[in-house]
Amino acid sequence: MKSLLLAGVTVLAVSPAFAEGDVARGEYLVQSIMGCGNCHTPIGPEGFDMANDLTGRLVEDSAAFTAIAPNITPASRIADWSDAELGKAIREGVRPDGTIIGPPMPFAAYRAISDDDLASVVAYLRTVPAIESDAGTSTYNIPLPPAYGPPVESVAAPAAGETVEYGAYLAAVGHCMECHSPMTPTGPDWGAGFARGGFEFHGPWGVSVAPNLTNHPEGLADYTDAEIAQMITTGTRPDGSPMLPPMPYPYLAKMTPQDLNALVLYLRSIPGAPDA
């Protein structure tokens, strides 16, 4: 994995008991930088159907797979999972029965979620309204891996602040490079293609292509920090033209100014490279 993505994240060899999470912190993560509802919340003519928040929806239907983000409210099967089992499903893509969760859930990035933040996300999901809903079951015409990596024992995040290191952590939690790197048959290219854009998204809006996020003229080099922050949180370019989905602009708009500044600092630190 590209070292810049996980700068400041420490993986330890000792597995602690599953921590007691902070519900407020979990709500902030789920409803802002992680943008969980961008996939797990139904979308209607007016946008996200927040009356049915996190109840699941069809995310992608392609030759490779039909991906359905499931209901993750307490009315779903997660009610029968322990906190540790739910945490493992989120961070490692492994259900309690040992089966593997498929794409587009961004497990390559989510493996960097700290123990405390993971516990907080789980704690928050236990508190959301329990809404009965079944969006269906995903089907895959591609083989899924036996695992997305070795078991994650413990992860510590860098200290929160307006730093490149914390911005890198936020980029991992927000799985930014999962979309902003070219996609290969085995997942995003976090080698030579890291952050260089090129991943195509097909939807009702037509085709959108994830742009280059490196510090290069074909990427972000010619934008000011304020312009980058504007594009992240409002989905509008400096000239006022709208950007396309599936970037979760309404969620990213809820980031604190400190976190947004840290994320921009991190993006500035990525060495320039041309579009992939």
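Keep in mind it's a predicted model, so treat the numbers as computed, not measured.
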Could you tell me the separation between the CG atom of Leu267 and the CG atom of Leu220, rounded to the nearest 0.5 Å? 6.0 Å

Do Arg268 and Asp225 pass the salt bridge (charged side-chain N to carboxylate O under 4.0 Å, His left out) test, and can you show the C-alpha distance, the side-chain angles, and the key distance before you say yes or no? CA-CA 9 Å; Arg268 290 292 195 202; Asp225 289 357; 2.7 Å; yes

Would you check if Leu260 and Thr233 make a side-chain contact, meaning some heavy-atom pair closer than 4.5 Å? yes

Ignoring hydrogens, what is the shortest heavy-atom contact between Glu178 and Met183? Give both atom names and the distance. O-CE, 3.8 Å

Hey, quick one: are Met243 and Ile232 part of the same hydrophobic cluster, counting side-chain heavy atoms closer than 4.5 Å, chains of contacts allowed? yes

How many angstroms lie between OG1 in Thr184 and CG in Asp189, if you round to the nearest 0.5 Å? 6.5 Å

Do the side chains of Tyr169 and Ile113 get nearer than 4.5 Å, heavy atoms only? yes

Ser120 and Tyr28, any side-chain heavy atoms less than 4.5 Å apart: no

For a salt bridge (charged side-chain N to carboxylate O under 4.0 Å, His left out) check, start with the C-alpha distance between Asp83 and Arg126, then their side-chain angles and the critical distance, and finish with the verdict. CA-CA 9 Å; Asp83 287 355; Arg126 300 299 194 196; 2.9 Å; yes

Do Leu58 and Phe65 sit in one hydrophobic cluster, given that two such residues count as connected whenever their side-chain heavy atoms are within less than 4.5 Å of each other, even indirectly? no

What distance separates Met105 CE from Ile100 CD1, expressed to the nearest 0.5 Å? 12.5 Å

Residues, nucleotides or ligands: over 12 heavy atoms within 6.0 Å of Glu20 CD: no

Distance-only polar pair, side chains of Asn71 and Ser133, donor-acceptor under 3.5 Å: no

What is the distance from atom SG of Cys39 to atom CD1 of Ile68, rounded to the nearest 0.5 Å? 12.5 Å

Start with the C-alpha gap between Asp22 and Tyr124, add the side-chain angles, then the distance that decides, and say whether side chain to side chain donor-acceptor pair (under 3.5 Å) holds. CA-CA 8 Å; Asp22 179 334; Tyr124 170 64; over 6 Å; no

What class does the angle between the rings of Tyr251 and Phe48 fall in, given that below 30° is parallel, 30 to 60° is tilted and above 60° is perpendicular? perpendicular

When you measure from the side chain of Asn38 to the backbone of Pro246, do you find a donor-acceptor pair of N or O atoms at a distance under 3.5 Å? yes

Can Ile33 be reached from Ile228 by stepping across I, L, V, M, F, W or Y side chains whose heavy atoms are under 4.5 Å apart? yes

Do Pro188 and Phe194 come within less than 4.5 Å of each other through their side chains, counting heavy atoms only? no

So does Arg111 get a backbone contact from the side chain of Tyr148, meaning a donor-acceptor N/O pair under 3.5 Å? no

Does Ser208 use its side chain to pair, donor to acceptor, with the backbone of Pro245 at less than 3.5 Å? yes

With rounding to the nearest 0.5 Å, note down the distance linking CG in Asp134 to OG in Ser76. 10.0 Å

Checking the side chain of Arg237 only, and the main-chain atoms of Pro242 only, is there a donor and an acceptor separated by less than 3.5 Å? yes

Checking side-chain polar atoms at under 3.5 Å, does Thr214 have a donor or acceptor matched by the opposite partner on Asn212? yes

Report yes or no: does Arg196 contribute a side-chain atom to a donor-acceptor pair with the main-chain N or O of Pro274 at less than 3.5 Å? yes

If only atom types and distance count, is the side chain of His216 paired as donor or acceptor with the main-chain N or O of Ala221 below 3.5 Å? no

So, for Ala112 and Ala172, which heavy atoms are closest and what is the spacing to 0.1 Å? CB-CB, 3.9 Å

If I take atom NE2 from residue His40 and atom CG from residue Leu54, how far apart are they, to the nearest 0.5 angstrom? 8.0 Å

Any side-chain donor paired with an acceptor under 3.5 Å for Thr66 and Asp61? yes

Are Asp117 and Arg25 close enough, and set up right, to give a salt bridge (charged side-chain N to carboxylate O under 4.0 Å, His left out), and what steps lead you there? CA-CA 7 Å; Asp117 280 346; Arg25 171 66 175 173; 2.9 Å; yes

Please give me the minimum heavy-atom distance between Trp205 and Leu244, naming the atom from each residue. CD1-CD1, 4.2 Å

Apply side chain to side chain contact (heavy atoms under 4.5 Å, CB included) to Trp81 and Arg95, showing your working. CA-CA 9 Å; Trp81 298 0; Arg95 300 183 185 91; 4.3 Å; yes

May I ask you to test the Pro70-Thr137 pair for a side-chain heavy-atom distance under 4.5 Å? no

Please name the pair of heavy atoms, one in Ser181 and one in Phe199, separated by the smallest distance, quoted to 0.1 Å. O-CB, 3.6 Å

Can you list the steps and then say if Asn215 with Ile270 is a side chain to side chain contact (heavy atoms under 4.5 Å, CB included)? CA-CA 6 Å; Asn215 197 31; Ile270 302 174; 5.7 Å; no

4.5 Å side-chain heavy-atom contact, Thr127 and Glu27: no

Is Gln230 reaching over with its side chain to a backbone N or O of Thr236, donor-acceptor style, under 3.5 angstrom? yes

Donor-acceptor contact present, side-chain Asp115 to main-chain Val155, <3.5 Å: yes

Any link between Leu170 and Leu265 through a network of hydrophobic side chains (Ile, Leu, Val, Met, Phe, Trp, Tyr) touching at under 4.5 Å? yes

Okay, side chain of Glu227, backbone of Thr224: is any donor-acceptor separation there less than 3.5 Å? yes

Looking only at heavy atoms, the pair that brings Thr73 and Pro129 closest together is CB-O, 3.3 Å

Evaluate the ring planes of Phe107 and Tyr110, with Trp represented by its six-membered ring, and classify them as parallel (under 30°), tilted (30 to 60°) or perpendicular (over 60°). perpendicular

Determine whether Phe201 and Val207 make a side-chain contact, defined as any pair of heavy atoms from C-beta on separated by less than 4.5 Å. no

Within the structure provided, determine whether Pro42 and Thr55 are in side-chain contact (heavy-atom separation under 4.5 Å). yes

For residues Glu153 and Arg91, report the shortest heavy-atom separation together with the two atoms involved. O-NH2, 4.4 Å

Walk me through whether Glu85 and Lys88 qualify under side chain to side chain contact (heavy atoms under 4.5 Å, CB included). CA-CA 5 Å; Glu85 288 171 337; Lys88 188 176 183 70; 5.7 Å; no

Would you say Met247 and Tyr223 are hydrophobically clustered, going by side-chain heavy atoms of ILVMFWY under 4.5 Å? yes

